[in-house]
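Below is one structure; the comments refer to it alone.
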Number of protein chains: 2
Amino acid sequence: MSDLLERLRGRGWRMTAQRRVVAEVLDGEHVHLTADEVHARAVVKLPEISRATVYNTLGELVSLGEVLEVTTDKRAKRYDPNAHRPHHHLICAGCGAIRDVHPSGNPLADLPDSERFGFTVSNVEVTYRGLCPHCAAA
Amino acid sequence: MSDLLERLRGRGWRMTAQRRVVAEVLDGEHVHLTADEVHARAVVKLPEISRATVYNTLGELVSLGEVLEVTTDKRAKRYDPNAHRPHHHLICAGCGAIRDVHPSGNPLADLPDSERFGFTVSNVEVTYRGLCPHCAAA
DNA sequence: ATCCCATATTGGATAGCGTCTAAGCCGAGT
DNA sequence: ACTCGGCTTAGACGCTATCCAATATGGGAT
Ligand SMILES: [Mn+2]
Ligand SMILES: [Mn+2]
Ligand SMILES: [Zn+2]
Ligand SMILES: [Zn+2]
């Protein structure tokens with residue numbers, strides 16, 4: 001993701017201060033931030049950036065395949081900068097902590113043709129749920 | 001799910017016209033309805049039922065393990081009456097159609113200890129995405 | 001059959017998250 | 001420097017879900 005700005009420029013993106021700052025926030029920590037969390041961090045570097053622009057930019061990054069959306073519940077969507085290494089997620093039901101995980105095996109191969117109903121299946125998301133060590137102790 | 005009312009009564013549920021109607025709606029079609037879709041169908045049989053009661057009842061059925069919540073995107077949660085036979089979901093990115101699927105293999109077993117980070121992992125959801133035959137043709 | 005009250009229901013207010021719009025701004029090619 | 005199509009902005013808006021205080025009722029007790 002470090003050369004994200006180069007790739008985006010190469011795709012004809014007009015480079016603006018706002019887009020640069022959003023990209024920097026995502027590049028900074030490999031965590032799963034909500035749009036408002038991204039906005040809060042962006043405001044530190046560019047105080048006048050608006051929520052709408054953060055939403056717009058995140059949406060574009062998702063369309064370009066540079067960032068993944070993670071929808072784990074009915075609260076805010078989260079944005080995952082780790083789009084280039086396939087992985088799944090492990091979520092604590094107590095505190096909401098999210099960890100990247102890399103299971104062995106390929107769930108796509110586990111779906112037989114007879115269970116595909118003629119669909120063109122292109123993608124699979126696996127979400128493990130449980131309790132983190134801290135929440136399990138409580 | 002046909003003896004759902006019996007099971008609920010056995011658990012000390014106070015039986016009301018509203019709860020009966022919500023249960024009947026879920027029992028009727030094995031599809032994945034939103035809360036408002038459940039409400040729309042319930043109103044046909046009990047015109048004065050409120051949205052709040054539908055939300056309350058669905059939440060209770062989820063707590064009791066009789067119905068599952070399916071969160072596939074940032075639109076409305078869907079309620080799955082097929083809670084007693086484990087399965088996963090296949091979703092069309094075009095029209096949003098949802099199908100139950102039964103993959104072979106067990107994704108829980110595919111998550112090695114080294115990828116569990118001390119979590120107590122209790123549950124796994126798999127969501128396949130693609131295009132249904134109709135949307136793939138368009 | 002009637003009473004009673006803990007529990008359920010109700011409509012409307014409220015909140016969270018995201019999208020949209022109209023007006024002004026600005027990057028970058030010329 | 002000029003120009004213009006794309007970008008940004010603030011705030012309005014929409015959808016989904018929850019909360020609330022007032023009212024109604026299921027069903028055990030009498
Ligand atoms: Mn991730
Ligand atoms: Mn299902
Ligand atoms: Zn936790
Ligand atoms: Zn479709």
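Convention: sequence-line order gives letters A, B, ...; per-chain numbering from 1.
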Trace of the side chain to side chain contact (heavy atoms under 4.5 Å, CB included) decision for B:Leu68 with B:Asn82: CA-CA 7 Å; B:Leu68 298 176; B:Asn82 187 11; over 6 Å; no

In whole Å, I'd like the distance from the CG atom of A:Asp73 to the P atom of D:dT16. 17 Å

Hey, can you pull the residues of residues 36-55 of chain A with a non-hydrogen atom under 4.0 angstrom from DNA chain C? A:Arg51, A:Ala52, A:Tyr55

Check against side chain to side chain contact (heavy atoms under 4.5 Å, CB included), A:Leu61 and A:Tyr79: CA-CA 10 Å; A:Leu61 291 171; A:Tyr79 291 89; over 6 Å; no

Is A:Glu69 salt-bridged to B:Lys74, going by a charged N under 4.0 Å from an acidic O? no

Just checking, is any N or O donor in the side chain of B:His30 or B:Asp100 under 3.5 Å from an acceptor N or O on the other one? no

Heavy atom of residues 9-19 of chain B under 4.0 Å from DNA chain C: which residues? B:Arg14, B:Thr16, B:Gln18, B:Arg19

What is the separation between atom CZ on A:Arg75 and atom P on D:dT18, rounded to the nearest whole Å? 11 Å

Taking atom P of C:dA8 as reference, at what distance in whole Å does atom CG of B:Leu8 sit? 12 Å

Output the rounded distance in Å from NZ (B:Lys74) to C1' (D:dG14). 13 Å

Could you walk me through whether A:Cys132 and B:Phe117 pass the side chain to side chain contact (heavy atoms under 4.5 Å, CB included) check? CA-CA 8 Å; A:Cys132 74; B:Phe117 304 100; over 6 Å; no

I'd like to know if A:Glu60 pairs up with A:Arg19 as an ion pair, taking the criterion as any Lys NZ or Arg NE/NH1/NH2 lying under 4.0 Å from an Asp or Glu carboxylate oxygen. yes

Dump the intermediate steps for side chain to side chain contact (heavy atoms under 4.5 Å, CB included) on B:Val38 and B:Leu26, then the final yes or no. CA-CA 8 Å; B:Val38 171; B:Leu26 291 170; 4.2 Å; yes

Relative to each other, are the rings of A:His102 and A:His87 parallel, tilted or perpendicular (30° and 60° limits)? tilted

Just how far, in rounded Å, is C1' of D:dG26 from CG of B:Leu5? 15 Å

Could you pick out which residue, B:Arg78 or B:Asn56, lies toward the 5' side of DNA chain D when each is mapped onto its nearest nucleotide? B:Arg78

Once you round it to whole Å, what is the distance between C1' of D:dT16 and NZ of A:Lys77? 14 Å

